[in-house]
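Written out below as structure tokens is the structure these notes cover.
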Amino acid sequence: MSLLRPLVKIAIALFCLWHMAAVGVYSLQNVDKQPVLKWLEGKQYIFRPYVLATSQWQRWNLFSPDPLRRVTEMRIDRQIFETWMPVRNIVFGELGSFRRASELKVMRRMDEDNQSELKDQYIQDICRSDGLLPGTPMRIIKRVQVIPKTEGPQTVQWWMEWQPEWQETLDFETTCKNTLTT
Amino acid sequence: MKRLLTILDQFFFERVSASGFGLMRILWAGTALAFLLGSAPDIIRYWSDAGILPRNLGYLVFRNEYRFTLLDTFTEPLPVLLLWCTYVTTLFCTLFGIWTRTMTVSAVLLMFSFHERNLQPLGGGDTLLRNIGFILMIAPEIDAFSMDRLERQWKYWWDTGKLLPALKTHIWPYRLLLWQFLIIYSTSLWDKLQGTMWLDGTTVAAIFHHTHFFRWPKLLSDLLSFFSPYVCFTFLVYEATWLLLLVPRNIWWVLPERVRKHSLKRWILCGGIFFHGTIALLMDVGTFSFAMFTGYTGLLLERDFAVLKNIANGWWLRKTRNYTRETNGKISVLYDGDCRLCTRSIFTLILLNHLGRLSPVDFRNAASRKRFAPDIALGDLDRAMHIRMPDGTTLSGFDAFRRMTWHLPALWPLAPVLSLPGVPTIGRKVYAVITANRKRCVEGTCAKDENARRTP
């Protein structure tokens, strides 16, 4: 018992050092110009199995290096007798408090990655939940504006006069598929 | 060599209070639960094959190596729903501390499963909850403030009249948590310095005009833009300050005594509460601010709790300093030691007495009654619980309870409610009904005979 105790302690201390090294090294990013950090970043493969298997991957780039300036909104329309009718509006004000961050994140990732399969799947999910008939034409209308990047801080007056310039484009078109097959 | 081992032993295995981790367990489960229940309409959409990310499209979103999730096995809507219900149940049990260890481990593993199934809706707060969850899962002592401990506490108190010794644990989970925060702030600072807008002081104005995040109308974001350069600069400095926690404490002797006596960590945590509180107020960034607060509670040690207690008691101690010696600056709570319900109630009050302002007095003990309440008739004491304030004021029944809520931090949210018009009238009636029946009820069953045998 007396021998086991120090061994357990050593094992715990070594595990702590390993964990600290793993999450530290695996969090390194944008270190190309720093030789030491660059070298450490090159060792990430050692920690990769541990960090990924324990779901400890992380990247703390919220609003950095520069904040997200592109503001995207999406509207999903369905066609009824040649007329397009909105069925979903993915904008801040129309989503519940607890769902807002997640749903806007889904939309941003769908937009940034520009994966048509994900957009199609997003629409098929709406077709299913709204019980739309197979073959119903659907489309995504994207509204985008970019917050200006200025040389330095602007005055309150400047911001009050600034108005977003929205650009609306047809982003994606598809039709509802047979929901029973999915 | 021996000296080195001693230092390492002290560094990882110093005994510290487990209360911080107990609080962190509660906040972790509460935050995860609130947002999980809030996203209930999206269970099938986010996590089943019938949703927005069926597994055959997974290659677009998630990796395929070292990835483990139960939701690769349970893919249809009904099993996913059942797994989600299990997840909610484990979080509830973790929150209240029922089968604490088993439920915490299960909740953490289920969190990993849900997060690994679909990365699309995840934000920084979810990542931090996962990181904190991992540390909670492996921490040796997370039982503080749990129902499990409450049961043991009651038995011990009933047998000895004392509470169990405060829970202690090794410090290594605290070190891992502190390291996690250092990683967050230092990598975040590094990343910010790679761009130009933080250094230009224009970031905050831009974020405030981003309609995915800012909660309030444009006019407010326009006005707040004035502070952009100051907030940018302060936040960069704040993030850099976390690195000072890497400096060993015994090097701080170079600083003047007036500076040294204050804990840098506490000031940093106060700054974090201010920053992340402001972010939560102004912006919608999901669970992020709440996850940060959750992690902060795990960084609290005995010294920090003592300082918090001193701050909370400062005004009270000043106010009561000149009062009677009998009460010792405390509120005497006179209760019936022969009544099981009263004893249970006083036990609950003692558990909630984190500021140490209450002093229970069994009025069945003649000496105690003579000392603390010589002027109150036994019959009156028998009819309702009495409290004697340090200035000699006496209150009884519902009014006594209402006054005590202001002195028990866990009941602070209840205190203003009890003073709302109409509530005292109802409260006094309810209290009268309870006291009229209190001696009939023993261990959950109520005898018809008022003289029914009372269990000691």
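This is a predicted model, so every value here is computed, not measured. When reading the values below, keep in mind they use all heavy atoms of this one structure, side chains included, and skip hydrogens, waters and symmetry mates. Each chain gets a letter, A, B and so on, in the order its sequence line appears, and its residues count up from 1.
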Report which part of A/Gln34 has an atom under 4.5 Å of a heavy atom belonging to chain B: side chain, backbone, both, or neither.
side chain
Interface moiety of B/Pro41 toward chain A, non-hydrogen atoms closer than 4.5 Å:
side chain
Can you tell if the side chain of A/Leu118 reaches within under 4.5 Å of the side chain of B/Ile52, non-hydrogen atoms only?
no
Engaged part of B/Met283 at the chain A interface, taking heavy atoms whose separation is under 4.5 Å
side chain
What part of B/Val204 is in contact with chain A, defined as an atom under 4.5 angstrom from a non-hydrogen atom: side chain, backbone, both or neither?
neither
Under a 4.5 Å cutoff for heavy-atom pairs, which residue among B/Tyr46, B/Phe214, B/Phe11, B/Tyr185 has the most contacts with chain A?
B/Tyr46
When the 4.5 angstrom heavy-atom criterion is applied to B/Arg130 and chain A, the contacting part is both
Leading residue by heavy atom contact count with chain A [cutoff under 4.5 Å; candidates B/Gly286, B/Ser228, B/Ala206, B/Cys232]
B/Ala206
Using a 4.5 angstrom heavy-atom cutoff, name the option from A/Glu103, A/Arg59, A/Arg100, A/Lys33 with the most pairs to chain B.
A/Glu103
Name the member of B/Thr203, B/Thr187, B/Asn131 that forms the most heavy-atom pairs with chain A at distances under 4.5 Å.
B/Asn131
Minimum-distance pair of heavy atoms, taken over all atoms of B/Asp191 and A/Ser64
OD2-OG, 3.2 Å
Heavy-atom proximity to chain A below 4.5 Å, by part of B/Phe35:
both
Greatest number of heavy atom pairs closer than 4.5 Å to chain B - which of A/Val51, A/Thr72, A/Leu95:
A/Thr72
Please examine the side chains of A/Pro153 and B/Pro229, heavy atoms only from C-beta on, and report whether any two atoms are closer than 4.5 Å.
yes
Looking at A/Pro148, A/Pro67, A/Ser129, A/Gly93, which makes the most heavy-atom pairs under 4.5 Å with chain B?
A/Pro67
Choice from B/Ala34, B/Ser39, B/Gly125 maximising heavy atom contacts with chain A below 4.5 Å:
B/Ala34
Do we see a donor-acceptor contact under 3.5 Å between the side chains of A/Ser55 and B/Glu116?
yes
Can you tell me which portion of B/Asp9 sits under 4.5 Å from chain A's heavy atoms? Options are side chain, backbone, both or neither.
side chain
Let me know if B/Arg63 has heavy atoms under 4.5 Å from chain A in its side chain, its backbone, both or neither.
side chain
Within a reach of under 6.0 Å around CH2 of A/Trp84, are more than 12 heavy atoms found that belong to other residues, nucleotides or ligands?
yes
Only pairs of heavy atoms separated by less than 4.5 Å count here; which of B/His115, B/Arg175, B/Glu65 has the most with chain A?
B/Glu65
If I take atom CZ from residue A/Arg99 and atom CZ from residue B/Arg45, how far apart are they, to the nearest 0.5 angstrom?
6.0 Å
What do the steps show when you test B/Phe134 against A/His19 for side chain to side chain contact (heavy atoms under 4.5 Å, CB included), and what is the final call?
CA-CA 11 Å; B/Phe134 181 78; A/His19 179 84; 3.4 Å; yes
Validation row: A/Tyr122, B/Gln120 side chains within 4.5 angstrom (heavy atoms):
no
What orientation do A/Trp162 and B/His209 show, parallel under 30°, tilted 30 to 60°, or perpendicular over 60°?
perpendicular
Among A/Gln145, A/Arg48, A/Glu151, A/Gln157, which residue forms the greatest number of heavy-atom pairs with chain B at distances under 4.5 Å?
A/Arg48
Based on non-hydrogen pairs under 4.5 Å, which of A/Ala101, A/Pro49, A/Gly24, A/Gly96 is most in contact with chain B?
A/Pro49
Evaluate the side-chain proximity of A/Gln115 to B/Val61: yes if any heavy-atom separation is below 4.5 Å, no if none is.
no
Just so I understand: if I count every heavy-atom pair under 4.5 Å between each of B/Lys218, B/His170, B/Arg67 and chain A, which residue has the most?
B/Lys218
Is a donor from one side chain sitting under 3.5 angstrom from an acceptor on the other, for B/His212 and A/Arg108?
yes
How far apart are the closest heavy atoms of B/Ser225 and A/Trp159, and which atoms are they?
CB-CD1, 3.4 Å
Minimum heavy-atom separation for A/Asp66 and B/Thr196, please, with both atom names.
OD1-N, 3.0 Å
Region of B/Leu119 that comes under 4.5 Å of a non-hydrogen atom in chain A:
both
Could you tell me if the side chain of B/Asp284 sits less than 4.5 Å from the side chain of A/Phe92, heavy atoms only?
yes
Report the distance from atom CD of B/Gln194 to atom CG of A/Asp32, rounding to the nearest 0.5 Å.
9.0 Å
Does a sphere of radius 6.0 Å around CZ in B/Phe233 hold more than 12 heavy atoms from other residues, nucleotides or ligands, not counting ones at 6.0 Å or beyond?
no
Between B/His210 and A/Arg70, is there a donor-acceptor pair closer than 3.5 Å when you use the side chain of the first and the backbone of the second?
yes
Specify which of A/Val91, A/Leu68, A/Asp120 makes the most heavy-atom pairs with chain B at under 4.5 Å.
A/Leu68
Distance from A/Phe98 atom CZ to B/Asp42 atom CG, nearest 0.5 Å?
13.5 Å
Sort B/Leu122 into side chain, backbone, both or neither according to what part of it lies under 4.5 angstrom from a heavy atom of chain A.
both
Shortest non-hydrogen pair, A/Gln121 vs B/Gly51, comes out as NE2-O, 3.2 Å
Which bit of B/Ile138 is near chain A, if near means a heavy-atom gap under 4.5 Å: side chain, backbone, both or neither?
side chain
With A/Phe63 as reference, evaluate B/Trp198, B/Phe213, B/Phe288 under the ring pair (Phe, Tyr, Trp, His ring centres under 6.0 Å) test and give the passing residue.
B/Phe213
For A/Glu117 and B/Tyr59, the nearest pair of non-hydrogen atoms, with its separation, is OE2-OH, 3.3 Å
Look up atom CZ in A/Arg109 and atom CG in B/Asn118, then write down how far apart they are to the nearest 0.5 Å.
9.0 Å
Do B/Trp190 and A/Asn61 come close enough that some side-chain heavy atom pair is under 4.5 Å?
no
Cut-off 4.5 Å, heavy atoms of chain B, and the answer for A/Leu52 is both
With a sphere of 6.0 Å drawn around CZ of B/Phe62, does it hold more than 12 non-hydrogen atoms of other residues, nucleotides or ligands?
yes
For residues B/Leu176 and A/Met20, report the shortest heavy-atom separation together with the two atoms involved.
CD2-CG, 3.9 Å
Side chain from CB out, backbone as N, CA, C, O: work out which of these in B/Ile184 comes under 4.5 Å of a heavy atom of chain A, or both, or neither.
both
Between the CD1 atom in A/Ile12 and the CH2 atom in B/Trp172, the distance rounded to the nearest 0.5 Å is 5.5 Å
For B/Phe68, is it the side chain, the backbone, both or neither that has a heavy atom under 4.5 Å from a heavy atom of chain A?
side chain
Which atoms of A/Thr155 come close to chain B, meaning under 4.5 Å heavy atom to heavy atom: side chain ones, backbone ones, both, or neither?
neither
NZ or CZ of A/Lys9 within 45° of B/Phe13 ring axis and under 6.0 Å
yes
Quick one: do the B/Gln180 and A/Gln58 side chains pair a donor with an acceptor below 3.5 Å?
yes
Nearest 0.5 Å, please: how far is OG1 in B/Thr202 from NZ in A/Lys149?
7.5 Å
